[in-house]
Amino acid sequence: MQDKTHLVDEITGHRRMRRNRKADWTRRLVQENRLTVDDLIWPIFVVPGTGIVDPIPAMPGVNRMSVDKAVEAAKEAADLGIPAIATFPDIEMELRDETGSNSLVANNLINQTTAAIKKAVPNIGIITDVALDPFTSHGHDGILRDGEIVNDETVDQVVKAAILQADAGADIIAPSEMMDGRIGAIRRGLDAAGHQSVGIMSYATKFSSGFYGPYREAINTKGLLKGDKNSYYINPANGTEAVRDAALDVEEGADMLMVKPGLAYLDICWRVKEAFGLPTFAYQVSGEYSQIKAAAMNGWIDGERIMMETLLAFKRAGCDGILTYFAPEVAKILAKR
Ligand code: PBG
């Protein structure tokens, strides 16, 4: 007999949300979103040399690897069922210059990595960034002239770099430098070079964010960068502008879209997916990873639980997948379930 002094009214009394939550089996039955290994893209950092596995202090558990070790990592990722990796080079300081000219060297570090992984692990997808920041002496994503990041000249160079990356075996070109008109230019360049099947994953909405801090340490652009990237990345205050920017990339021929950073921009993930219906990915960037790791290492949060919760949040926000440094860790956990 229900105690009549309870305040739940009669109508509310019929609508019990908790019925579907009452047991593990009901909860599993009504679960709307799921994270699987197929959702994961693993970003890795590559350095020159051999036999190198160099921990990145600001990203506990993440290493810079020489090409041979990157190949081993790619093999491990493929064995875990991770569909694709994204590679980022930390190139020698002597090779960095004002225009990022090393990006136009056919067998530069990033292209060596692609070729080696393609050969040894043909069944994993390789996604390469064409921004110039790993190659410039000032850490900017484009060519710097008289204090300005010049758009069209940068696009010309990025197109050439993209073709070399495709020549080396890259499956998807992911331009992150946010220059205007780059998607169309890269598409035309790839097609003219016979790379019709190489896709473009646009960093469509890349925000000028503090969350990239640890990444800049990883590829050693932190000390180089003067000023900020506000003249080409999107203002974190602007959602509608971000959707407009993505619309241009769709028009220009992007095959997939990315939102970056991830967790602070779930509204953008949702809006972009709703607006265009393209495969949409979130990049859970370095700062997001490091925050979780640091708090977990201090015993302040349950790191594994929050890792899984954040990744599921991306799925709920409409993402088809996530670029995450957690990828191998997550894949191992998912394999056990
Ligand atoms: C730059 C680039 C950035 C990241 C990847 N490529 C941002 C930046 O340095 O400004 C960030 C990735 C991360 O933080 O994990 N083209």
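In listed order, ligands and their atoms are each counted from 1. Everything quoted here is computed from the prediction, not taken from an experiment.
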Per-atom filter on ligand 1: closer than 4.0 angstrom to a heavy atom of A131 are 16 (N)
Between S286 and R216, is there a side-chain donor-acceptor contact under 3.5 Å, judged purely by atom types and distance? no
What protein heavy atom lies closest to atom 2 (C) of ligand 1? Include the residue and the distance to one decimal. K206 NZ, 3.1 Å
Test item, Y203 contacting ligand 1 (heavy atom, 4.0 angstrom): no
I'd like a table of donor-acceptor pairs (distance under 3.5 Å, sequence neighbours excluded) in which one partner is a side-chain atom from residues 251-260, with atom names and distances.
unit_1	atom_1	unit_2	atom_2	d
E252	OE1	I183	N	3.3
E252	OE1	G184	N	2.9
D255	OD2	I200	N	2.8

Tell me: protein heavy atom nearest atom 5 (C) of ligand 1, and distance? K260 NZ, 2.8 Å
Under 4.0 Å from a heavy atom of K229: give me the atoms of ligand 1 that qualify, with their elements. 8 (C), 9 (O), 10 (O)
Does a side chain donor of either Q284 or T310 reach within less than 3.5 Å of an acceptor in the other side chain? yes
Looking at atom 9 (O) of ligand 1, what's its closest protein heavy atom, distance included? R216 NE, 3.0 Å
Just checking, any donor-acceptor pair under 3.5 angstrom between side chains of N20 and T26? no
The single option from D133, I56, V285, V62 passing side-chain contact (heavy atoms from CB on, under 4.5 Å) against Y215: D133
Go through ligand 1 atom by atom and flag the ones less than 4.0 Å from a non-hydrogen atom of D133. 1 (C), 2 (C), 16 (N)
Test item: side-chain donor near acceptor, Y233 and D141, under 3.5 Å: yes
Closest to atom 16 (N) of ligand 1 among protein heavy atoms sits S176 OG, 2.7 Å
Is there a donor-acceptor contact under 3.5 Å linking the side chains of T136 and E98? no
Which atoms of ligand 1 have any heavy atom of Y233 under 4.0 Å away? 1 (C), 7 (C), 8 (C), 10 (O), 16 (N)
Numbered in order shown, the ligand 1 atoms found under 4.0 Å of a heavy atom of Y325 are 12 (C), 13 (C), 15 (O)
What pairs with F281 under ring pair (Phe, Tyr, Trp, His ring centres under 6.0 Å), at least two apart in sequence or on another chain? none
Is the centre of the F45 ring less than 6.0 Å from the centre of the Y325 ring? yes
Which of the atoms in ligand 1, numbered in the order shown and given with their element, are less than 4.0 Å from a heavy-atom of D129? 6 (N), 16 (N)
Which atoms of ligand 1 are found less than 4.0 Å from any heavy atom of D141? 1 (C), 16 (N)
Any Q284 heavy atom less than 4.0 Å from ligand 1: no
Please determine, by modelled atom types, if D90 and N220 share a side-chain donor-acceptor pair under 3.5 angstrom. yes
Looking only at protein heavy atoms, identify the closest one to atom 6 (N) of ligand 1 and say how far it is in Å. Y215 OH, 3.1 Å
What residue and atom, counting heavy atoms only, is the protein's closest point to atom 14 (O) of ligand 1, and at what distance? S286 OG, 2.7 Å
